[in-house]
J.: 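The structure under discussion is supplied below as structure tokens; questions concerning it will follow.
Just so it is clear, the values below take in all heavy atoms, side chains as well, and ignore hydrogens, waters and symmetry mates. Residue numbers start at 1 and run along the sequence shown. From a predicted model like this one, the values you see are computed outputs, not experimental measurements.
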Amino acid sequence: MSCRPPANSTYLAIGQDLFSINEYVTSQYNYSLHQRLNSTNNHTSNEVDGGLSISSFVPSAFMVYTDLASLKGLWEPTDYGSGVEFADGMLDLFPSQNQNTNHNAHS
């Protein structure tokens with residue numbers, strides 16, 4: 001079984017640290033809200049209904065750094081100097097990506 005996006009689309013995988021990924025998703029969502037507010041197509045300046053939810057901007061996959069000896073950054077947050085790495089935290093932050101996974105298999 002392969003993991004392929006639907007025809008004429010792509011999957012987005014981004015990384016690395018928790019803050020940067022959260023900022024990316026939030027920025028994309030905020031941009032979409034401003035686009036809707038600035039649109040003159042059947043909207044007043046205060047309408048924002050009918051658009052995409054923030055979960056629509058969550059990437060298909062995340063990449064995080066870890067230490068293979070200790071696995072720091074997977075189930076507990078760690079910082080190697082480039083920002084907080086925390087794979088489990090990513091799934092907590094974006095629960096829509098938490099479907100059909102067993103990310104707590106270490107317990």
J.: Tell me whether F19 at atom CZ has more than 12 heavy atoms from other residues, nucleotides or ligands lying less than 6.0 Å away.
T.: no
J.: If we ignore hydrogens and angles and just use 3.5 Å, is the side chain of S56 paired with the main-chain N or O of L52 as donor and acceptor?
T.: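 Not confirmed, S56 side chain does not pair with L52 backbone.
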J.: Please enumerate all residues that pass side chain to side chain contact (heavy atoms under 4.5 Å, CB included) together with E76, with sequence neighbours excluded.
T.: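 By the side chain to side chain contact (heavy atoms under 4.5 Å, CB included) rule, E76 matches no residue at all.
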J.: Could you see if I14 belongs to whatever hydrophobic cluster contains L93? Use Ile, Leu, Val, Met, Phe, Trp, Tyr and a side-chain cutoff under 4.5 Å.
T.: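 Yes; L93 is reachable from I14 via cluster members.
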J.: Counting distance only, does the side-chain N/O of S20 pair as donor-acceptor with the main-chain N or O of D17 below 3.5 Å?
T.: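 Not a single qualifying donor-acceptor pair exists.
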J.: Is there a path of hydrophobic side-chain contacts, each under 4.5 Å between heavy atoms of I, L, V, M, F, W or Y residues, that connects L18 with I54?
T.: yes
J.: Is there a donor-acceptor contact under 3.5 Å from the side chain of T66 to the main chain of L68?
T.: no
J.: Over all heavy atoms of both residues, which pair between P59 and F62 is shortest? Give the atoms and the distance, please.
T.: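 Distance-wise, the nearest heavy atoms are CG-CE2, 3.6 Å.
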J.: Is there a side-chain contact between P6 and Y11 in this structure, where contact means two heavy atoms from C-beta onward sitting under 4.5 Å apart?
T.: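 Result yes, sub-4.5 Å side-chain heavy-atom pair found.
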J.: Is there a donor-acceptor pair closer than 3.5 Å between any side-chain N or O of N38 and the backbone N or O of H34?
T.: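 Side chain of N38 to backbone of H34, a donor-acceptor pair under 3.5 Å: yes, one is there.
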J.: Assigning hydrophobic clusters by single linkage (Ile, Leu, Val, Met, Phe, Trp, Tyr; side-chain heavy-atom cutoff under 4.5 Å), is V84 placed with M63?
T.: no
J.: Between D67 and L71 (side chain of the first, backbone of the second, donor and acceptor by atom type, cut-off under 3.5 Å), is there such a pair?
T.: no
J.: Roughly how far, to the nearest 0.5 Å, is CD of E23 from CD of Q28?
T.: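 Q28 CD to E23 CD: 11.5 Å, rounded to 0.5 Å.
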J.: How far apart are the C-alpha atoms of F57 and Y24, what are their side-chain angles, what is the distance that settles it, and do they pass the ring-ring contact (aromatic ring centres under 6.0 Å, His included) test?
T.: CA-CA 9 Å; F57 298 92; Y24 170 82; 8.7 Å; no
J.: Do side-chain atoms of E85 reach the backbone of V64 as a donor and acceptor pair under 3.5 angstrom?
T.: no
J.: Give the C-alpha distance, both sets of side-chain angles, the deciding distance and a yes or no for side chain to side chain contact (heavy atoms under 4.5 Å, CB included) between K72 and Y80.
T.: CA-CA 10 Å; K72 289 181 181 177; Y80 299 109; 3.5 Å; yes
J.: Report yes or no: do N30 and S27 form a side-chain donor-acceptor pair below 3.5 Å?
T.: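 Looking only at side-chain atoms, S27 and N30 do not form any donor-acceptor pair under 3.5 Å.
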J.: For T78 and G73, indicate whether the former's side chain and the latter's backbone hold a donor-acceptor pair under 3.5 Å.
T.: no
J.: Quick check: do V25 and F94 have side-chain heavy atoms less than 4.5 Å from each other?
T.: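 In short, these two side chains touch, coming nearer than 4.5 Å.
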J.: I'd like to check the side chain to side chain contact (heavy atoms under 4.5 Å, CB included) partners of Y31; sequence neighbours left out, ordered by chain and number.
T.: Q35
